[in-house]
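Before any comments, here is the structure.
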Amino acid sequence: MNIIYVDNNATTRVDPAVVEAMMPYYTENYGNPSSMHAFGGNVSRAISKAREQVASLINASPDEIIFTSCGTESDSTAISATISSIPDKKHIITSRVEHPAVKNLYEHLAKKGYKVTFVPVDRQGSLDLDFFYDHLTDDTALISIMWANNETGVVFPIDEITRAANDRGIVLHTDAVQAVGKIPVDVQKTNVDLLSLSGHKIHAPKGVGALYVRKGTKFTPFLIGGHQEKGRRGGTENVATIIGLGKASVLAEELVKTGMAKVGRLRDRLEKGLISRVQNAMVNGDTSSRLPNTTNISFEYIEGESILLMMNELNICASSGSACTSGSLEPSHVLRAMGIPFTAAHGSIRFSLSHYNTEEEMDFIIEKMPPIIDRLRRMSPFWNQGKPANTMLTGAECPL
Ligand code: PLP
């Protein structure tokens with residue numbers, strides 16, 4: 001089946017070169033890297049090489065990299081490690097548009113007695129920096145702000161946020177799961193203390209991630225067990241996926257330098273093509289500070305899940321900005337935080353590209369989307385009532 005896959009912020013295709021690098025660690029090289037014999041030692045050396053490769057991708061030193069099982073574990077480890085290392089401070093600053101991996105943990109911590117400040121964003125999804133500065137206090141233990149948003153692709157001013165944290169001696173964690181491999185991420189230029197990344201977003205397999213911990217950062221392990229990862233994360237290493245992450249990092253480093261510009265051009269072609277052919281369609285998110293592979297487009301007065309189903313019939317895989325929670329369609333917390341009208345938030349589709357996509361695929365989507373939108377709108381009572389564009393509706397008013 002010929003799939004047009006434009007859902008790369010959800011997960012990516014594992015690069016064949018990554019699979020090839022991993023295979024020997026499922027077959028002949030099955031030793032335990034902690035074993036004393038040379039058979040295990042070879043595996044341990046392969047992990048060291050992967051650590052160097054991941055470190056190189058973000059310009060870190062290899063001993064600042066801890067392998068984890070995913071981006072979520074990296075986030076949880078960074079946050080838990082920091083708050084347990086600084087027990088006397090109880091305030092955390094984050095944004096209102098973090099991925100659930102971060103957002104849900106902070107909501108949990110807020111219930112446990114932490115004071116958590118959620119920095120708002122504007123209609124473009126850009127961070128309210130005045131609000132951020134106004135809420136820094138002497139009690140702030142941790143600032144945790146994503147590098148780039150997974151739904152809109154908006155890139156946050158992480159340099160400035162990091163400088164503010166550094167100046168005040170506050171620990172800075174960034175969830176860079178969507179940024180790494182798409183835009184340059186350099187921890188020497190941007191002095192973050194902790195940074196999360198995930199393998200399956202950069203053409204490595206699922207089940208592996210990494211956490212960067214700047215040398216000298218206070219750190220209390222989250223997974224306490226064996227001496228693996230220098231005692232910072234117990235548990236026998238998921239060797240093959242770590243080797244895969246290493247290989248994917250080498251490829252990602254090259255892609256960021258040379259390949260993402262092409263991805264950006266494809267994204268722009270798709271975006272312009274759709275916006276010019278479909279009325280009442282708009283791009284969500286600041287287009288001047290955005291990941292090159294992402295566009296989030298609202299098709300007003302219809303709902304995203306119906307659009308996705310029709311796209312699915314044509315083997316086009318994307319995702320929507322509304323999710324079915326307990327039987328009702330809820331726009332995502334990101335689009336709600338941006339104040340996108342209900343009628344637009346419901347009909348939002350995220351297209352996230354990779355270097356595997358082609359111009360022909362973009363043109364196919366551009367050709368097939370207008371009739372899909374048209375068909376759904378003809379079935380939408382609200383569209384037929386001729387409500388003016390951008391009418392702000394409350395959830396109760398919204399018929400979708
Ligand atoms: N953070 C962001 C911004 C993400 O987009 C994701 C996954 O979509 C995660 C964290 C979680 O990563 P993982 O799926 O590796 O746990």
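Order of listing sets the numbers, starting from 1, for every ligand and every atom in it.
- Protein heavy atom at the shortest distance from atom 14 (O) of ligand 1 is H200 NE2, 2.9 Å.
- Considering only non-hydrogen protein atoms, atom 4 (C) of ligand 1 sits nearest to H99 CD2, 3.2 Å.
- In the vicinity of K201, heavy-atom distances shorter than 4.0 Å reach the ligand 1 atoms 6 (C), 7 (C), 8 (O).
- For M379, the CE atom is densely surrounded, since the number of other residues' heavy atoms within 6.0 Å is greater than 12.
- With respect to K111 and E107, no salt bridge is recorded, no charged nitrogen being found less than 4.0 Å from a carboxylate O.
- Under 3.5 Å, the side chains of R45 and N42 contain a donor-acceptor pair of N or O atoms.
- Here S198 has side-chain heavy atoms under 4.0 Å from ligand 1, and that is the only part of it that gets that close.
- Given atom 16 (O) of ligand 1, the protein heavy atom at minimum distance is T72 OG1, 2.6 Å.
- Summarising the geometry, atom CG belonging to D286 is positioned 12.0 Å from atom CG belonging to N149; distances are rounded to the nearest 0.5 Å.
- Set against the non-hydrogen atoms of M146, the atoms of ligand 1 under 4.0 Å away are 3 (C).
- Proximity to N150 (heavy-atom distance under 4.0 Å) selects the following atoms of ligand 1: 3 (C), 5 (O).
- With respect to R51 and D63, no salt bridge is recorded, no charged nitrogen being found less than 4.0 Å from a carboxylate O.
- F131 and H135 have parallel rings, their planes meeting at less than 30° on a 0 to 90° scale where 60° marks the start of perpendicular.
- Considering backbone and side-chain atoms together, G71 places an N or O closer than 3.5 Å to an N or O of ligand 1.
- In this structure, atom 10 (C) of ligand 1 lies nearest to the protein heavy atom D175 OD2, 3.4 Å.
- At the top of the distance list for atom 5 (O) of ligand 1, counting protein heavy atoms only, stands Q178 NE2, 2.7 Å.
- Note on ligand 1: E73 sits outside its first shell, no heavy atom being nearer than 4.0 Å.
- In N149, neither the side chain nor the backbone holds a heavy atom less than 4.0 Å from any atom of ligand 1.
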Between side-chain atoms of residues 5-20 and protein atoms elsewhere (two or more places apart, or another chain), which donor-acceptor pairs fall under 3.5 Å?
unit_1, atom_1, unit_2, atom_2, d
Y5, OH, D7, O, 2.9
Y5, OH, T11, O, 2.7
D7, OD1, S319, OG, 3.3
D7, OD1, R350, NH2, 3.3
N8, ND2, S352, O, 3.0
N9, OD1, K182, NZ, 3.3
N9, OD1, N293, ND2, 3.0
N9, ND2, N150, O, 3.1
N9, ND2, T294, OG1, 3.1
T11, OG1, H200, O, 3.4
T11, OG1, H200, ND1, 2.7
T11, OG1, K206, NZ, 3.4
T12, OG1, H200, O, 2.7
T12, OG1, H203, N, 2.8
D15, OD1, A17, N, 2.9
D15, OD2, Y356, OH, 3.2

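- To the nearest 0.5 Å, atoms OG (S34) and CD1 (I47) are separated by 8.0 Å.
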